[in-house]
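Have a look at the structure below before the remarks.
In this text the structure is predicted, and so the values were computed from the model without any measurement. So that the names make sense, note that chain A is the first sequence line, chain B the second, and so on, each numbered from 1.
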Number of protein chains: 2
Amino acid sequence: MPKAKQLTLDARTRRGIAKALADPRRFDILRHLAAQESCLGCGDLLETFPITPATLSHHLKELEAANLITTEREGKFLRVQFLRPTWEAYLRELQKL
Amino acid sequence: MPKAKQLTLDARTRRGIAKALADPRRFDILRHLAAQESCLGCGDLLETFPITPATLSHHLKELEAANLITTEREGKFLRVQFLRPTWEAYLRELQKL
DNA sequence: GTATCATTTAGACAGTTGTCTAAATGTCAT
DNA sequence: ATGACATTTAGACAACTGTCTAAATGATAC
């Protein structure tokens, strides 16, 4: 039976994730995304968190750079989705120590 | 049989840990400590990492504030020890999402 | 095109942080 | 007490970051 390929993180990526998680607002956004079955749009996030669109955009960029989410344009809207594989790879990494 | 009491982290603590982990140097120090059987002194850490004593002291304070390590004076020296229970509570917390 | 709505970019600002040097404190041996 | 060594504190500085406002871009409907 084929072994499931598991993402491993280099130090650079791990650092990016840690930084993304360090801001509580960003962590809350990520958690909110993780709790969804499918994608969310900015609109939902803007209703949920008291920040301006500009600030949200900034945080999404950080999360995306850390590979914790993906975003996809759908017409006017941006569909944002939690990337669980990265998250799980990060947890495995932390479990090593 | 008695159930083992497991530490749970409030949001404030979790934030403190995330912040402590966000700096790569601090993460490296923590990992180094976690890899030891017992305590380490500042001397060992200063040989291992190219930072001044003042900077090390600063980082140890952060890690201690996050409850990730404990320190204890032993004469001239400071014995530093990784606090695994906090670490494990943090991992359990992250696993929730 | 124009209007409208969603998102991004640019720029600014205040607050935080990692690091250092220099000086202070603590602890032990002589 | 003096000296030597370990650690901490104080203060400074540059770099980074979260946030905002204002303006720009993208996308759709009319």
Can you tell me how far P of D/dT9 sits from CD of B/Glu64, to the nearest Å? 11 Å
Using 4.0 Å as the upper bound for N to carboxylate O, is an ion pair formed by A/Asp28 and A/Arg25? no
Full working for side-chain hydrogen bond (donor to acceptor under 3.5 Å, both in side chains) between A/Gln81 and A/Thr70: CA-CA 5 Å; A/Gln81 188 169 22; A/Thr70 35; 4.6 Å; no
OP1 or OP2 of D/dT17 versus the side-chain N and O atoms of A/Lys19: is any pair under 4.0 Å? yes
Roughly how far, to the nearest 0.5 Å, is the CZ atom of B/Arg15 from the CG atom of A/Leu21? 13.0 Å
Categorize B/His59 for me: base, sugar-phosphate, or nothing, with a 4.0 angstrom heavy-atom threshold over every strand shown. sugar-phosphate
Calculate the interatomic distance between A/Arg79 atom CZ and C/dA6 atom C1'; express it in whole Å. 14 Å
Nearest whole angstrom, please: distance from the P of C/dT19 to the CG of B/Leu60. 12 Å
Near DNA chain C, which residues from residues 22-48 of chain A have a heavy atom under 4.0 Å away? A/Cys42, A/Gly43
Taking it one step at a time, do A/Leu78 and A/Arg73 satisfy side-chain contact (heavy atoms from CB on, under 4.5 Å)? CA-CA 5 Å; A/Leu78 194 77; A/Arg73 272 247 158 216; 4.2 Å; yes
Distance check needed: C/dT17 P versus B/Arg15 CZ, whole Å only. 12 Å
Could you tell me the separation between the NE2 atom of B/His58 and the P atom of D/dT8, rounded to a whole number of Å? 13 Å
A/Lys61 NZ - C/dA10 P separation (whole Å): 11 Å
Could you give me the CA-CA distance, side-chain angles and deciding distance for B/Leu45 and B/Leu60, then say whether side-chain contact (heavy atoms from CB on, under 4.5 Å) is met? CA-CA 10 Å; B/Leu45 294 167; B/Leu60 291 181; 4.3 Å; yes
Taking all atoms of both residues into account, what is the closest heavy-atom pair of A/Arg26 and A/Lys19, and its distance? NH2-O, 3.1 Å
Would you say the side-chain atoms of B/Thr48 pair up with the backbone N or O of B/Asp44, donor to acceptor, closer than 3.5 Å? yes
Donor-acceptor contact below 3.5 Å, side chain A/Thr71 vs main chain A/Val80: no
If the plane angle is over 60° it's perpendicular, under 30° parallel, otherwise tilted; pick one for A/Trp87 and A/Phe27. tilted
Taking N or O atoms only and anything under 3.5 Å, show me the protein contacts with nucleotides 26-30 of chain D, one pair per line.
none

Looking only at atom types and distance, does a side-chain atom of A/Gln36 sit under 3.5 Å from a main-chain N or O of A/His32, one as donor and one as acceptor? yes
Give the rounded distance in Å between these two atoms: CG of B/Leu78 and P of C/dT27. 11 Å
Kindly indicate whether the side chain of A/Leu83, heavy atoms from C-beta on, has any atom under 4.5 Å from the side chain of A/Ile69. no
If you restrict it to nitrogen or oxygen atoms, what contacts under 3.5 Å exist between nucleotides 20-25 of chain C and the protein, and what is each distance?
from: C/dC20; atom 1: OP2; to: B/Thr52; atom 2: N; distance (Å): 3.2
from: C/dC20; atom 1: OP2; to: B/Thr52; atom 2: OG1; distance (Å): 3.2
from: C/dC20; atom 1: OP2; to: B/Thr55; atom 2: OG1; distance (Å): 2.6

Quick one: A/Glu72 CD to C/dT7 P, roughly how many Å, whole number? 14 Å
